[in-house]
Amino acid sequence: MAHASGFCLFGTAIGSCGIAWNERGEIAGAQLPESGERDTRGRMRRRFPGVPEAKPSLEVEAVVARVRALLDGVRDPLLDVRLDLDGVPEFKRRVYEITRAIAPGRTLTYGELAARLGEPGAARAVGQALGHNPFAPIVPCHRVLAAGTGAGGFSAEGGVATKLRMLQIEQAQFGPQPGLFDEEPKVDLPAKSLRIFKP
């Protein structure tokens with residue numbers, strides 16, 4: 001598990017997010033919104049017990065600004081953001097590396113990501129790794145879907161609705177066809193009609 005030296009909360013278009021960092025300025029963890037700021041703070045304290053809420057360094061402040069902009073629709077892949085991967089198993093590292101390479105507005109399926117790993121039968125394991133993603137949205141697990149453009153699972157507060165909202169902000173496209181959100185995007189997508197991927 002990554003060791004954090006501080007964390008902070010910050011407002012975004014989808015709610016109050018959290019971020020933690022270590023002494024080297026690497027991101028030790030990121031957190032999508034819970035139901036409110038208090039709950040997001042509580043989740044960060046559970047994830048990083050004993051770590052103080054603190055003012056971030058200029059380097060971490062820059063990451064916060066970029067994450068906020070991403071959730072406002074700026075297409076920043078955040079690939080140069082340094083992550084603390086200490087204690088992250090090799091398979092998960094590989095999953096997160098490939099997931100980070102998915103550009104904003106694009107998506108892959110769990111099966112496609114497994115194939116890029118060289119393990120085409122590992123779609124379920126990929127889903128489980130993304131379900132434990134400690135760096136969302138810097139590692140953009142919301143861009144990985146079930147086959148047939150089903151939304152797949154999402155462990156953040158709000159579940160699939162949050163995932164779809166993030167994809168909507170990015171005006172996501174699915175394969176070579178026009179994107180689901182190319183024409184007059186709507187917030188209240190019928191999540192109940194989407195096939196859910198359960199790792």
Under the 3.5 angstrom rule, does the side chain of R43 hit a backbone N or O of Q31 as a donor-acceptor pair? no
Between the side chain of T40 and the main-chain N/O of E34, is any donor-acceptor distance below 3.5 Å? yes
For residues 58-72, the salt bridge (Lys or Arg N to Asp or Glu O under 4.0 Å) pairs (sequence neighbours left out) are K55-E61, E59-R82, R66-D76, R66-D80
Looking only at atom types and distance, does a side-chain atom of Y96 sit under 3.5 Å from a main-chain N or O of F135, one as donor and one as acceptor? no
Hey, which of R24, E23, E26 is the one that makes side chain to side chain contact (heavy atoms under 4.5 Å, CB included) with H3? E23
What distance do L117 atom CG and I98 atom CD1 have between them, rounded to the nearest 0.5 Å? 4.0 Å
Take a 6.0 Å sphere around CG of L58 and say whether it holds more than 12 heavy atoms from other residues, nucleotides or ligands. no
Main-chain N/O of V126 paired to K92 side chain as donor or acceptor, under 3.5 Å: no
Side-chain ion pair, E53 and R45, N-O less than 4.0 Å: yes
Considering non-hydrogen atoms only, spot the tightest contact between C17 and L32 and give its length. SG-CA, 4.2 Å
Of all the heavy-atom pairs spanning F7 and V51, show the shortest one and how long it is. CE2-O, 3.4 Å
Please report the closest heavy-atom contact between P104 and R75, naming both atoms and the distance. O-NH1, 3.7 Å
Between R116 and E112, is the closest basic N to carboxylate O distance under 4.0 Å? no
Counting neighbours of CD on E119 that are heavy atoms of other residues, nucleotides or ligands and sit closer than 6.0 Å, is the number greater than 12? yes
Taking A30's backbone N and O only, do any of them form a donor-acceptor pair with R47's side chain (distance below 3.5 Å, no angle check)? yes
Residue pairs fulfilling salt bridge (Lys or Arg N to Asp or Glu O under 4.0 Å) with at least one residue in residues 133-145, sequence neighbours excluded: R143-E170
